[in-house]
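Below you'll find the structure, written out as structure tokens, and then a few comments.
A quick note: this is a predicted structure, and the numbers were derived from the prediction, not measured. Any value given below was found using the heavy atoms of this structure, including those in side chains, with hydrogens, waters and symmetry copies removed.
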Amino acid sequence: MIQELLVAAAGAAAAVAVYAGAAARVVKQYERGVVFRFGRLRDDIRSPGFTMIVPLVDRLHKVNMQIVTMPVPAQEGITRDNVTVRVDAVVYFKVVDAADALVRVEDYKFAVSQMAQTSLRSIIGKSDLDDLLSNREKLNQGLELMLDSPAMGWGVAIDRVEIKDVSLPETMKRSMARQAEADRERRARVINADAELQASKKLAEAAGVMSDQPAALQLRLLQTVMAVSAEKNSTLVLPIPVELLRFLERATPGTASETEQAPSPMPSPSSAPPLSPMPPPVPPLSEAYLRGRAAAEEAVEDLTGSSVEPTHREPDT
């Protein structure tokens, strides 16, 4: 009798163990358990930890509540200003209602992916190229609103949407590069012109100060000479101001009187007769020179004698 009781107790314990093993479930911290009893949804959502279900009656489905990062395939479209672009994005979303994510949509991940691709093509057609390149924050917000509205009915919340890359045709890239280069050159010219204007104003002020104080010009000249000589150059270029020449002209005695006694302007070449070249002036002969010359002539006559003219002979016939 006791042996039969022990066998029955062991069988019951084994049955309880098998039942407990079939009914026991463990839900992780980032998951939620949704129970279906005979195909009907149970209202109680199983929280993380150890839980029990009725074997052969209940079905427990675990739903991941973590944020899912889903890349959106690159979509090609034409912008509002007729430029063909290729845009890809990434969507961050999570499940906020595990029951709706299982009941209201067959595959919520695939549904979010398809909706993201459609919304991205719609955003491309409604935007300009400049908005896609420089105003992405506004486009990201608009894309997030387009995805969040239907996703809330599926128990899914869109956390964030980001446009990753915008691919342009090569011709458009070259055109934009030329435009950027032209804009940079324009700004460089404007900056140079502004610098020249400011420098000219400062130089005009300096010239006004130097005109009031002539010694300032001499000091500036000496500073320039010192700056050039400090470089150990073998050649020194010294500029002479016109004011210094005028000062020297006024300081030289007799210059003004000579200029005042200068003859009147020469007559025009048409009215004046042509001038013949003047012979060089002959210096006066001294008396000693004349006596020496006469003595030299007498000595020559004594040596040569009287001059005899040669006779000409006629040729024989």
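One distance of note links CZ of Phe110 with CE of Met70; it measures 10.0 Å at 0.5 Å rounding. Here the straight-line distance linking atom CG of Leu143 with atom CD1 of Ile123 works out to 5.5 Å at 0.5 Å rounding. Rounded to the nearest 0.5 Å, atoms CZ (Arg37) and CZ (Arg42) are 4.0 Å apart. Atoms CD1 and NZ, on Ile67 and Lys94 in that order, are 5.5 Å from each other to the nearest 0.5 Å. To the nearest 0.5 angstrom, Ser47 atom OG is 9.0 Å from Gln29 atom CD. A distance of 15.5 Å separates CE of Met65 from NZ of Lys28, quoted to the nearest 0.5 Å.
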Exercise for the section: Go through Asp97 and Arg104 one step at a time and tell me if the side-chain contact (heavy atoms from CB on, under 4.5 Å) criterion holds. Expected result: CA-CA 11 Å; Asp97 193 336; Arg104 293 182 178 274; over 6 Å; no
Handout entry: Working for side-chain contact (heavy atoms from CB on, under 4.5 Å), residues Val166 and Arg136
Key = CA-CA 10 Å; Val166 179; Arg136 293 188 181 181; 3.6 Å; yes
Exercise for the section: List the steps, then state whether side-chain contact (heavy atoms from CB on, under 4.5 Å) holds for Val87 with Gln75. Expected result: CA-CA 5 Å; Val87 183; Gln75 303 296 313; 5.7 Å; no
Exercise for the section: Evaluate the criterion side-chain contact (heavy atoms from CB on, under 4.5 Å) for residue pair Thr79 and Asp128; output intermediate values, then yes/no. Expected result: CA-CA 6 Å; Thr79 61; Asp128 295 332; 5.8 Å; no
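No path of Ile, Leu, Val, Met, Phe, Trp and Tyr side chains, each step under 4.5 Å between heavy atoms, connects Val90 with Leu132, placing them in separate hydrophobic clusters. Note on Met176 and Val85: same hydrophobic cluster, where clusters join Ile, Leu, Val, Met, Phe, Trp and Tyr whose side-chain heavy atoms are under 4.5 Å apart, directly or indirectly. Under the 4.5 Å side-chain heavy-atom criterion for grouping Ile, Leu, Val, Met, Phe, Trp and Tyr, Leu102 is connected to Val105 within one hydrophobic cluster. Under the 4.5 Å side-chain contact rule for hydrophobic residues, Val26 and Ile45 do not share a cluster. Each of Tyr108 and Tyr92 belongs to its own hydrophobic cluster when Ile, Leu, Val, Met, Phe, Trp and Tyr are linked at side-chain heavy-atom distances under 4.5 angstrom.
By the neighbour-count criterion of 12 heavy atoms within 6.0 Å, atom CD of Gln66 is densely surrounded, having more than that number from other residues, nucleotides or ligands. Residue Leu41 places its CG atom among more than 12 non-hydrogen atoms of other residues, nucleotides or ligands, all under 6.0 Å distant. The neighbour count for Lys62 NZ, taken as heavy atoms of other residues, nucleotides or ligands under 6.0 Å away, is above 12. Around CD of Glu181, the count of heavy atoms belonging to other residues, nucleotides or ligands within 6.0 Å does not exceed 12. In Arg189, the CZ atom is not crowded: 12 or fewer heavy atoms of neighbouring residues, nucleotides or ligands sit closer than 6.0 Å. The environment of NZ in Lys138 is sparse: at most 12 heavy-atom neighbours from other residues, nucleotides or ligands sit within 6.0 Å. Atom CG of Leu56 sits in a sparse spot, with 12 or fewer heavy atoms from other residues, nucleotides or ligands closer than 6.0 Å.
Checked by atom type and distance alone, the side chain of Ser175 pairs as donor or acceptor with a backbone atom of Thr171 at under 3.5 Å. Counting only distance, with no hydrogens or angles, the side chain of Asp165 and the backbone of Asp88 share no donor-acceptor pair below 3.5 Å. Under the 3.5 Å distance criterion, the side-chain polar atoms of Ser200 are matched with a main-chain donor or acceptor of Glu196. Here the side chain of Asp148 pairs no donor or acceptor atom with the backbone of Glu144 at under 3.5 angstrom. Counting only distance, with no hydrogens or angles, the side chain of Asn135 and the backbone of Asp130 share no donor-acceptor pair below 3.5 Å. Put simply, the side chain of Asn192 gets close to the backbone of Ala188: a donor and an acceptor are under 3.5 Å apart.
Of all non-hydrogen atoms in Arg86 and Ala74, the two that sit nearest each other are NE-CB, 3.7 Å. Across all their heavy atoms, Arg25 and Ala22 have their closest contact at NH1-O, 2.9 Å. Residues Ala101 and Val95 come closest through the heavy atom pair CB-CG1, 3.7 Å.
In this structure, Val112 and Leu147 have side chains that are not in contact, with every pair of non-hydrogen atoms separated by 4.5 Å or more. Taking 4.5 Å as the limit, some side-chain heavy atom of Phe36 sits within range of a side-chain heavy atom of Val103. Taking the side chain as every heavy atom from C-beta outward, Asp194 and Gln198 approach each other to under 4.5 Å.
Asp44 and Arg46 are joined by a salt bridge, as a carboxylate oxygen and a charged side-chain nitrogen come within less than 4.0 angstrom of each other. Note on Lys201 versus Glu205: no salt bridge recorded, every NZ/NE/NH1/NH2 to OD/OE distance being 4.0 Å or above.
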